[in-house]
> 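Structure incoming, see below.
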Amino acid sequence: MFRPKADFDFDEDDVVATHEKAHAAGLKAVVVSLQRGIGQMGFTRTARTLARLNQRDGFDCPGCAWPETPGHRKYAEFCENGAKAVAEEATTRRVGPEFFAQHSIADLLERTEYWLGQQGRLTHPMVLRDGATHYQPISWESAFTLIADELRALDTPDSAAFYTSGRTSNEAAFLYQLLIRSFGTNNMPDCSNMCHESSGAALDGSIGIGKGSVSVPDLEHADLILVAGQNPGTNHPRMLSVLEKAKTNGAKVIGINPLPEAGLLRFKDPQKLHGVVGHGIPISDDLLQIRIGGDQALFQGLAKLLLEAEDRNPGTVLDRDFIAKHCAGFDEYAAHIRGVDLDTVLEATGLTCRQIDDTAAALLSSKKTIICWAMGLTQQTHGVATIQDATNLLLLQGMIGKPGAGVCPVRGHSNVQGDRTMGIWEKMPESFLAALDVEFGITSPRHHGYDAVNTIRAMRDGKVRVFMAMGGNFVSATPDTVVTEAALRNCALTVQVSTKLNRSHLVTGRTALILPSLGRTDKDMTGGRKQAVTVEDSMSVVHLSRGRLTPPGPEVRSEVGIVCGVARALFGPDHSVPWARFAADYDRIRDSIARVVPGFTDFNTRVRQPDGFVLPHPPRDNREFKTATGKANFVVHDLHWLPVPPGRLILQTMRSHDQYNTTIYGLDDRYRGVKGGRRVVFCHPDDIAAAGCADGARVDLVSEWTLPDGSIQERRAEDFRLVSYPTPRGNAAAYYPETNPLIPLDHTARKSNTPVSKAVTIRLERRA
Ligand SMILES: Nc1nc2c(c(=O)[nH]1)N[C@H]1C(S)=C(S)[C@@H](COP(=O)(O)OP(=O)(O)OC[C@H]3O[C@@H](n4cnc5c(=O)[nH]c(N)nc54)[C@H](O)[C@@H]3O)O[C@H]1N2
Ligand SMILES: Nc1nc2c(c(=O)[nH]1)N[C@H]1C(S)=C(S)[C@@H](COP(=O)(O)OP(=O)(O)OC[C@H]3O[C@@H](n4cnc5c(=O)[nH]c(N)nc54)[C@H](O)[C@@H]3O)O[C@H]1N2
Ligand SMILES: [Mo]
């Protein structure tokens, strides 16, 4: 049985790269799920909790935003990593006042994120006063007053910033943005800024809505699915069952990834017998091991091959009707694509002519194509352009707004998409703000606020003095750790609404608060009655989520309760927003959402239908495109790719199989054959040799960033083990958050301002 080690500090000498071949899921995944559960919460609670995961009357899995298959929920629709996410939250370990009395901030700053997360659930509101060495308990009322006093003391509301991580429910998110806008700012950095912002920006410009256009049945009935820049075996394991079903129905799946990720190779569905025995079924028909940053070139190259095929056999390739009726900008785009040089495409992608021809052939013979993607595409300098070029490719064949075809950005956090729908965005459109003002008699500020990167700049420059976070781990999730830590320490007050301890509780403003909140699995009795919340998945399905477990302690409050508490202290009892009524009954929040947010009419009734309801998506529903041209836009982009400077590598920072973002579950990465440590860097054997090193040697990673004046700025992350790995030459990979100190704050994607976490220029330095 799983026994947590008494001491979680590990020695990097213990790291073993087994290089064993792996397939995703299978029996081992079931065993690991149960072990993690039992280790954290005992047998009965494990069985009860896992049985409620993603069921109609249960709670939404806090793991990822992958949807449930409508009408087909199995008894145990969970995956190994969903079970780990639940075990983290449903743990019976506790972090209360005694813990904080025992551990000073200085002591806790020495611990790893892994150790911090393993200590258990936060149970009491705590305050770190100016100059204090330890957190001390504080009452809820005093905490709310402290926040209100600091906010009122600011010169302008724009000196405060309010972060949101993507687990926050629709109800809490809606009230949170209402609090922030009532206070007078749009400074709403969120995890989406670091995640799918590039997808939102790209799709908004191309098809007039920043969300994906496909459903689970679409995937199941597609002819061709491209999975680009995504590691579903680890990060969206339930997607594999859908891909398997699609394959059974005859679909071809092509993985596009620098790494041969296990989930893209073979998959054993643990919920089926053949999944538990044998070697699993192959998922990808082809795996294109592309160079980091080469995807835009691939999509442009494929478009060129389609245009040439159309020239050879006019009327057989392009969907001329669709283009004429629904698209703008085709001629300009076609002219641009004809000028694309295929040799450049080969160099940028590192792929062979044969691979690109075969992929073009797959597109030519498909009547229903879907492109799925995640962070490998979004966290690139040219992420927005890459995604628009993927969309252009689909538009050529009319692959949007018909069954089995479309765009599929695969979201991260379980309600990150819903938080945006609810108004968590530093630049919500006028229509939303106007409706909010009418509903509540407030005047929302109209000037745009700070996103995540701009919030860090503003804190660094002393412009933001109060920082509040609704969940997440801002200091570890953001780039340029040294700069970000200094920026946070520059604040007068930092407030963290959290379920678990993390580094953001330790790198603080002059005064700091920890406000313990309920998670998805906990029973929510706010206002003395059983409350349910709602979430929106990656495919725009909104459904209810009800936690069943006894909360970690009587002091722990819901996020809704906490927002309403801050609001009462800040605005007094006579505010035009009925905060107390909202806290007493979440149905009343949903009534207001129904009047403010498009698509939520009859919210309370429709969300109680068995599978919830699907939000409108004009391109998917009626091929209606609410862009400036009123059409789906072919957007022309110059080709960008990432030549590797001599003696340097392009580093991508990614997740292991044993983490949830900054929450570290364990030190193994089973599917990539790494055991016992996280400070590893995966490199091509020839690059290891070229650096004069051997597999297993210890190196420092030094990133190089060219400043506007041409000088080079260096950043350093020390002591990583080299792991010889099948990544393209010149490309390397290592885990986040350990590598965030290497990413310059200014290294962001054009248009979306997303940190470029997947392409950092580094060199390896041998350690003595
Ligand atoms: N268990 C678990 N589940 C999670 C999370 C977690 O941490 N743990 N996080 C959640 C969140 S918030 C998110 S956003 C998602 C993230 O889900 P993913 O996007 O799958 O996460 P990453 O680990 O960042 O993986 C990026 C993938 O892109 C590939 N890649 C890197 N650069 C490139 C490139 O230039 N081109 C191409 N084609 N591929 C590239 C990498 O090799 C890797 O396979 O998962 C969500 N689900
Ligand atoms: N280098 C690099 N950096 C990255 C990425 C990358 O690929 N590479 N990925 C980026 C991406 S895609 C994302 S989404 C961000 C993630 O950024 P965040 O969302 O900020 O980070 P998480 O690690 O998911 O946050 C974990 C913390 O959330 C709190 N928490 C968990 N559940 C709840 C809840 O229900 N309520 C409340 N109030 N708190 C809760 C717990 O205290 C836990 O410690 O990181 C980004 N940073
Ligand atoms: Mo994410």
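One-based numbering, in listed order, for ligands and for the atoms of each. Just so we're clear, the structure is a prediction, and the values are computed from it rather than from any experiment. Quick note: numbers below take in every heavy atom, side chains included, and nothing from hydrogens, waters or symmetry partners.
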> Would you check the N or O atoms of Gly293, main chain and side chain alike, for any that come under 3.5 Å of an N or O of ligand 1?
yes
> What is the closest protein heavy atom to atom 23 (O) of ligand 2, and at what distance does it sit?
Thr662 OG1, 2.6 Å
> Taking distance alone, with no angle check, do Asn473 and ligand 2 share an N/O pair under 3.5 Å?
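Between Asn473 and ligand 2 (N or O atoms, distance only) the closest approach is under 3.5 Å.
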> Could you tell me the residue and atom name of the protein heavy atom closest to atom 36 (N) of ligand 2, and the distance to it rounded to 0.1 Å?
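Looking at atom 36 (N) of ligand 2, the protein heavy atom closest to it is Glu559 OE2, 2.7 Å.
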> Before you tell me yes or no, could you show the steps for Leu651 and Val681 under side chain to side chain contact (heavy atoms under 4.5 Å, CB included), namely the whole-Å CA-CA distance, both residues' side-chain angles and the distance that decides it to 0.1 Å?
CA-CA 9 Å; Leu651 173 79; Val681 55; 4.3 Å; yes
> Could you say whether the N/O atoms of Val497 and ligand 2 ever approach to under 3.5 Å?
yes
> Tyr176 vs Phe162 aromatic rings, parallel, tilted or perpendicular, using cut-offs 30° and 60°?
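It falls in the perpendicular class, over 60°.
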> For ligand 2, does Ser517 get within less than 4.0 Å through its side chain, its backbone, both, or neither, judged by non-hydrogen atoms?
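Near ligand 2, Ser517 shows its side chain, while the N, CA, C and O stay back.
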> Under 4.0 Å between a Lys/Arg side-chain N and an Asp/Glu carboxylate O for Glu88 and Lys84?
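Looking at Glu88 and Lys84, the cut-off is not met.
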> Between Asp524 and Arg548 (salt bridge meaning N to carboxylate O under 4.0 Å), is one present in this structure?
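Salt bridge flag = no for Arg548 with Asp524.
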> For atom 3 (N) of ligand 2, what's the nearest protein heavy-atom neighbour? Residue, atom name and distance, please.
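Minimum-distance protein heavy atom for atom 3 (N) of ligand 2 reads Tyr736 CD1, 3.0 Å.
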> For His657, is the nearest heavy atom under 4.0 Å from an atom of ligand 1?
no
> What atoms of ligand 1 come within less than 4.0 Å of a heavy atom belonging to His236?
15 (C), 17 (O), 45 (O), 46 (C)
> Using heavy atoms and a threshold below 4.0 Å, how should the contact between Gln380 and ligand 1 be classified: side chain, backbone, both, or neither?
side chain
> Would Thr653 count as a polar contact of ligand 1, with the cut-off being nitrogen or oxygen pairs under 3.5 Å?
no
> Check whether the side chains of Arg678 and Gln659 place a donor and an acceptor atom closer than 3.5 Å, and report yes or no.
yes
> Any nitrogen or oxygen of Arg411 lying under 3.5 Å from a nitrogen or oxygen in ligand 1? Just yes or no.
no
> Considering the heavy atoms of Ser165, write down every atom of ligand 2 situated less than 4.0 Å from one of them.
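Selected atoms, number and element: 18 (P), 19 (O).
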> Counting non-hydrogen protein atoms only, what is the nearest one to atom 20 (O) of ligand 2? Give residue, atom name and distance.
Tyr163 OH, 2.7 Å
> Within the 4.0 Å heavy-atom shell around Gly519, which atoms of ligand 2 are there?
35 (O)
> Is Gln177 reaching over with its side chain to a backbone N or O of Phe174, donor-acceptor style, under 3.5 angstrom?
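Here the side-chain-to-backbone pair exists.
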> Is it the side chain, the backbone, both or neither of Met375 that has a heavy atom closer than 4.0 Å to ligand 1?
both
> Tell me the protein heavy atom at minimum distance from atom 40 (C) of ligand 2, and give that distance in Å.
Thr499 OG1, 3.4 Å
> Can you tell me the protein heavy atom closest to atom 32 (N) of ligand 2 and the distance?
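Result for atom 32 (N) of ligand 2: Arg167 NH1, 3.1 Å.
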> Using a distance-only test with no angle check, is there a side-chain donor-acceptor pair under 3.5 angstrom linking Tyr135 and Thr508?
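Judged by distance alone, the side chains do not pair up.
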> Answer side chain, backbone, both or neither: which part of Asp295 comes under 4.0 Å from ligand 1, heavy atoms only.
side chain
> Relative to ligand 1, is Arg655 under 4.0 angstrom through side chain, backbone, both or neither, heavy atoms considered?
both
> Please state whether His196 comes within less than 4.0 angstrom of ligand 2, counting heavy atoms only.
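No heavy atom of His196 comes that close to ligand 2.
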> Is it the case that ligand 2 has an N or O less than 3.5 angstrom from some N or O of Lys758?
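Yes: some nitrogen or oxygen of Lys758 is under 3.5 Å from one in ligand 2.
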> Regarding ligand 1, does Tyr665 bring an N or O atom to under 3.5 Å of one of the ligand's N or O atoms?
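Tyr665 vs ligand 1: no N/O contact under 3.5 Å.
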> Show which atoms of ligand 2 fall inside a sub-4.0 Å distance from at least one heavy-atom site of Gly471.
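Those of ligand 2 that fall under 4.0 Å from Gly471 are 37 (C), 38 (N), 39 (N).
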> Just by distance, with hydrogens left out, do Asp480 and Asn740 show a side-chain donor and acceptor under 3.5 Å apart?
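No, because no side-chain N or O of Asp480 sits under 3.5 Å from a partner of the opposite role on Asn740.
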> Where's the contact between Ile743 and ligand 2, heavy-atom distance under 4.0 Å: side chain, backbone, both or neither?
side chain
> Applying the side chain to side chain contact (heavy atoms under 4.5 Å, CB included) criterion to Thr378, which one of His196, Glu197, Met194, Lys758 satisfies it?
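Single pass found, and it is His196.
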> So, Asp190 side chain and Asn193 main chain: donor-acceptor pair closer than 3.5 Å or not?
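Yes, Asp190 side chain to Asn193 backbone: donor-acceptor pair under 3.5 Å.
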> Nearest protein heavy atom to atom 43 (C) of ligand 2, by residue and atom, and its distance?
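For atom 43 (C) of ligand 2, the nearest protein heavy atom is Asn502 ND2, 3.7 Å.
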> Less than 3.5 Å between some nitrogen or oxygen of Gly166 and one of ligand 2, yes or no?
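N/O-N/O distance under 3.5 Å: no.
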> For ligand 1, which is the ligand I care about here, please tell me if Ile256 has any N or O atom under 3.5 Å from one of the ligand's N or O atoms.
yes
> Say whether, by atom type as modelled, one donor and one acceptor occur between the side chain of Arg94 and the main chain of Gly553 under 3.5 angstrom.
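Here the side-chain-to-backbone pair does not exist.
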> So, Glu113 versus Asn473: side-chain donor-acceptor pair below 3.5 Å or not?
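Yes - a donor-acceptor pair under 3.5 Å links their side chains.
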> May I ask whether Met654 places a heavy atom under 4.0 Å from ligand 2?
no
> At a 4.0 Å cut-off, with the gap strictly under it, does some heavy atom of Gly412 reach an atom of ligand 2?
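Contact absent.
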> Looking only at distance, does His505 have an N or O less than 3.5 Å from an N or O of ligand 2?
no
> Which one holds for Gln379 and ligand 2: side chain close, backbone close, both close, or neither close, with close meaning a heavy atom under 4.0 Å?
side chain
> How does Asn235 reach ligand 1, by side chain, by backbone, by both or by neither, if only non-hydrogen atoms under 4.0 Å count?
both
> So, are Arg503 and Glu485 salt-bridged, with charged N and O less than 4.0 Å apart?
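Salt bridge present between Arg503 and Glu485.
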> Does the pair Asp669/Arg655 count as a salt bridge with the N-to-O cut at 4.0 Å?
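A salt bridge is absent here (no side-chain N lies under 4.0 Å from a carboxylate O).
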> Judged on heavy-atom distance to atom 46 (C) of ligand 2, which of Gly472, Ala477, Ala172, Pro516 sits nearest?
Ala477
> Side chain, backbone, both or neither: which applies to Val410 and ligand 1 if a contact is any heavy-atom pair less than 4.0 Å apart?
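Neither part.
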> Could you tell me if the side chain of Ser757 sits less than 4.5 Å from the side chain of Ile743, heavy atoms only?
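In short, these two side chains touch, coming nearer than 4.5 Å.
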> Considering the heavy atoms of Cys195, write down every atom of ligand 1 situated less than 4.0 Å from one of them.
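In order of numbering, the contacting atoms are 14 (S).
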> Please determine if His413 has a nitrogen or oxygen closer than 3.5 Å to a nitrogen or oxygen of ligand 2.
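So ligand 2 has an N or O lying under 3.5 Å from an N or O of His413.
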> Under a 4.0 Å N-O cut-off, is there an ion pair linking Arg672 with Glu261?
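Between Glu261 and Arg672 there is a salt bridge, with a charged N closer than 4.0 Å to a carboxylate O.
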> Taking only residues two or more places apart in sequence, or in another chain, which ones meet Asn753 in a side-chain hydrogen bond (donor to acceptor under 3.5 Å, both in side chains)?
Asp451, Thr748
> Among the heavy atoms of Asn740, does any lie under 4.0 Å from an atom of ligand 2?
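Per 4.0 Å heavy-atom rule, Asn740 contacts ligand 2.
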> Return yes if some donor-acceptor pair links the side-chain N/O of His382 with the main-chain N/O of Gly293 below 3.5 Å, else return no.
yes
> Is there a polar contact between ligand 1 and Gln659, counting only N or O atoms under 3.5 Å apart?
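N/O-N/O distance under 3.5 Å: yes.
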> Please determine, by modelled atom types, if His413 and Ser165 share a side-chain donor-acceptor pair under 3.5 angstrom.
yes
> Is Arg291 in polar range of ligand 1, meaning some N or O pair under 3.5 Å apart?
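Min N/O separation from ligand 1 is not below 3.5 Å for Arg291.
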> Can you label the angle between the Tyr665 ring and the Tyr660 ring as parallel, tilted or perpendicular, going by 30° and 60°?
tilted
> Flag the pair Glu536 and Lys211 as a salt bridge only when some basic side-chain nitrogen lies within less than 4.0 angstrom of an acidic carboxylate oxygen.
yes
